[in-house]
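Here is the structure we will look at, set down as structure tokens.
Residue numbers start at 1 and run along the sequence shown. As a basis for the values below, the full set of heavy atoms in this structure was taken, side chains included, without hydrogen atoms, waters or symmetry mates.
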Amino acid sequence: MAVEGRGIQSIEVGGRILNALIELGRPTMLRDLASKADMTAAQAHSYLVSYRKMGLVEQETTSGRYLLGPMALQLGLVRMRALDPLRIASDVASGLSEETGFMVTVTVWGAHGPTIVQVHEAAYPVHVNLRVGALYTVRGTATGRLFSAFFPFEVVRPLLNKALRLEQKANGHADKKIPASWIEDFAEIRRQGYAVTAGIPVPGVNAVSVPVFDQSQKMQFGMTVIGPAAELSVNSGNRKLLGIVGEIQKLSRHLGYMPELEASDISIPVKEPRQSGKRLKPEKITKAGSGNSPV
């Protein structure tokens with residue numbers, strides 16, 4: 001790891017104001033901005049004067065509130081144009097695999113459902129057959145359930161209906177409604193922010209799948225960590241599990257995701273639509289097949 005050189009303290013202090021403006025996400029009065037940046041109003045004002053001259057910050061004429069300016073927008077646009085999310089995901093997944101010894105996959109929503117685009121092999125032996133281009137099932141895997149929970153319902157619904165028909169064919173039932181237990185499962189995944197499987201569908205193999213969002217507040221892909229049950233516990237509150245989830249969630253921040261903003265255009269119904277075709281009010285997310293892949 002490269003050793004960082006000595007920085008300029010005043011720039012780092014001033015950066016707290018910019019971070020405060022980003023986190024607040026709205027025009028803000030000086031006193032509130034200073035409080036958020038943990039400095040006095042007079043100190044914050046001095047930095048804001050310079051930032052206004054540069055165009056990093058602007059001030060509303062009527063209210064006097066501060067917000068990010070046109071230069072901040074240009075910086076953001078340049079950053080977005082230069083960003084390669086899957087390359088960054090590859091670096092994170094590779095590092096996570098090396099650090100934990102577990103297999104890590106990166107999955108996007110393809111024409112036929114959750115499709116693996118990257119596989120980072122494990123140091124721990126896991127007897128699963130995963131390869132680039134393989135599909136995760138939407139109900140029998142942590143990754144598939146993750147997409148079912150965080151992707152728009154109408155996008156995922158055809159594969160859920162297919163999974164339902166296969167299940168009903170096996171047990172002799174014939175109900176066209178998505179089961180309430182499935183909907184509750186998706187709601188729980190959204191609440192905790194990730195999906196897990198324990199020994200299903202491969203005995204002795206556990207998996208945790210975490211969504212990765214971008215600046216549009218929408219899920220772009222999922223990252224799944226797979227390992228032996230003896231090494232990868234998926235019990236709620238497990239420190240190793242939470243550490244893995246936290247590392248992957250940092251990637252969303254790196255891509256511009258702000259969980260405090262409401263992703264109001266991504267919604268999954270709490271219940272199935274009525275037979276009349278009318279849809280019940282969806283539950284908003286605040287914060288996010290045809291294959292036979294095993295986890």
Side-chain angles (χ1 to χ4, degrees), residues 1-2 4-89 91-92 95 150 190-194 210-221 223 242-243 245-267 284-288:
M1 181 183 293
E4 291 187 0
R6 183 176 180 181
I8 300 175
Q9 186 177 12
S10 61
I11 292 179
E12 296 174 5
V13 173
R16 301 209 308 258
I17 297 175
L18 299 177
N19 282 330
L21 285 167
I22 292 170
E23 293 176 7
L24 290 167
R26 62 181 186 278
T28 307
M29 296 298 292
L30 174 60
R31 63 177 180 275
D32 299 324
L33 186 55
S35 176
K36 182 71 173 178
D38 192 24
M39 61 178 65
T40 67
Q43 185 182 17
H45 183 263
S46 298
Y47 282 99
L48 289 167
V49 169
S50 294
Y51 286 155
R52 285 185 62 190
K53 292 178 180 179
M54 297 169 59
L56 269 173
V57 170
E58 60 186 16
Q59 187 176 18
E60 292 181 337
T61 304
T62 54
S63 69
R65 291 183 171 89
Y66 292 91
L67 65 158
L68 290 172
M71 184 179 179
L73 175 60
Q74 293 302 315
L75 287 171
L77 291 173
V78 171
R79 167 67 173 170
M80 289 170 59
R81 286 195 293 267
L83 209 58
D84 183 349
L86 288 178
R87 179 188 60 77
I88 298 172
D91 292 341
V92 173
F150 284 102
R190 293 195 299 276
R191 277 193 293 270
Q192 68 182 6
Y194 59 91
V210 184
V212 177
F213 302 92
D214 66 6
Q215 79 286 347
S216 69
Q217 315 304 307
K218 296 179 181 178
M219 179 180 170
Q220 294 302 306
F221 51 87
M223 190 172 291
L242 296 178
V245 171
E247 283 301 308
I248 299 174
Q249 288 176 338
K250 289 179 183 178
L251 179 55
S252 292
R253 279 288 192 179
H254 197 62
L255 297 179
Y257 173 59
M258 298 178 66
E260 56 270 19
L261 298 180
E262 182 175 326
S264 58
D265 57 340
I266 303 178
S267 58
K284 293 181 179 179
I285 301 173
T286 56
K287 300 219 154 293

Calculate, to the nearest 0.5 Å, the distance between atoms [atom1] and [atom2] belonging to [X] and [Y] respectively.
{"X": "Y47", "Y": "L33", "atom1": "OH", "atom2": "CG", "value": "13.0 Å"}
{"X": "L56", "Y": "L68", "atom1": "CG", "atom2": "CG", "value": "8.0 Å"}
{"X": "K53", "Y": "M71", "atom1": "NZ", "atom2": "CE", "value": "15.0 Å"}
{"X": "L30", "Y": "I17", "atom1": "CG", "atom2": "CD1", "value": "8.5 Å"}
{"X": "E12", "Y": "N19", "atom1": "CD", "atom2": "CG", "value": "11.5 Å"}
{"X": "L21", "Y": "Y66", "atom1": "CG", "atom2": "OH", "value": "10.5 Å"}

- Message: Does Y257 form a side-chain contact (heavy atoms from CB on, under 4.5 Å) with Q217? I'd like the steps, not just the answer.
- Response: CA-CA 6 Å; Y257 173 59; Q217 315 304 307; 3.1 Å; yes
What heavy-atom pair brings [X] and [Y] nearest, and what distance separates the two atoms?
{"X": "Y51", "Y": "G15", "value": "OH-N, 3.8 Å"}
{"X": "E58", "Y": "P70", "value": "OE1-CD, 3.7 Å"}
{"X": "A44", "Y": "A34", "value": "CB-CB, 3.9 Å"}

Is there side-chain contact between [X] and [Y], with at least one heavy-atom pair below 4.5 Å?
{"X": "L255", "Y": "Q215", "result": "no"}
{"X": "K250", "Y": "R253", "result": "no"}
{"X": "V92", "Y": "M223", "result": "yes"}

- Message: Is there a salt bridge (charged side-chain N to carboxylate O under 4.0 Å, His left out) between K218 and D214? Walk through the geometry before answering.
- Response: CA-CA 6 Å; K218 296 179 181 178; D214 66 6; over 6 Å; no
- Task: Mark yes or no for whether T28, through its side chain, and R26, through its backbone, hold a donor-acceptor pair below 3.5 Å.
- Result: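 Yes, because the side chain of T28 sits within donor-acceptor range (under 3.5 Å) of the backbone of R26.
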- Item | Test item: S252 side-chain N/O and I248 main-chain N/O as donor-acceptor pair under 3.5 Å |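 No.
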- Message: Check this for me, if you would: do D32 and K36 make a salt bridge, where the nitrogen-to-carboxylate-oxygen distance has to be below 4.0 angstrom?
- Response: no
- Message: How about CD on E60, more than 12 heavy atoms from neighbouring residues, nucleotides or ligands closer than 6.0 Å, or not?
- Response: yes
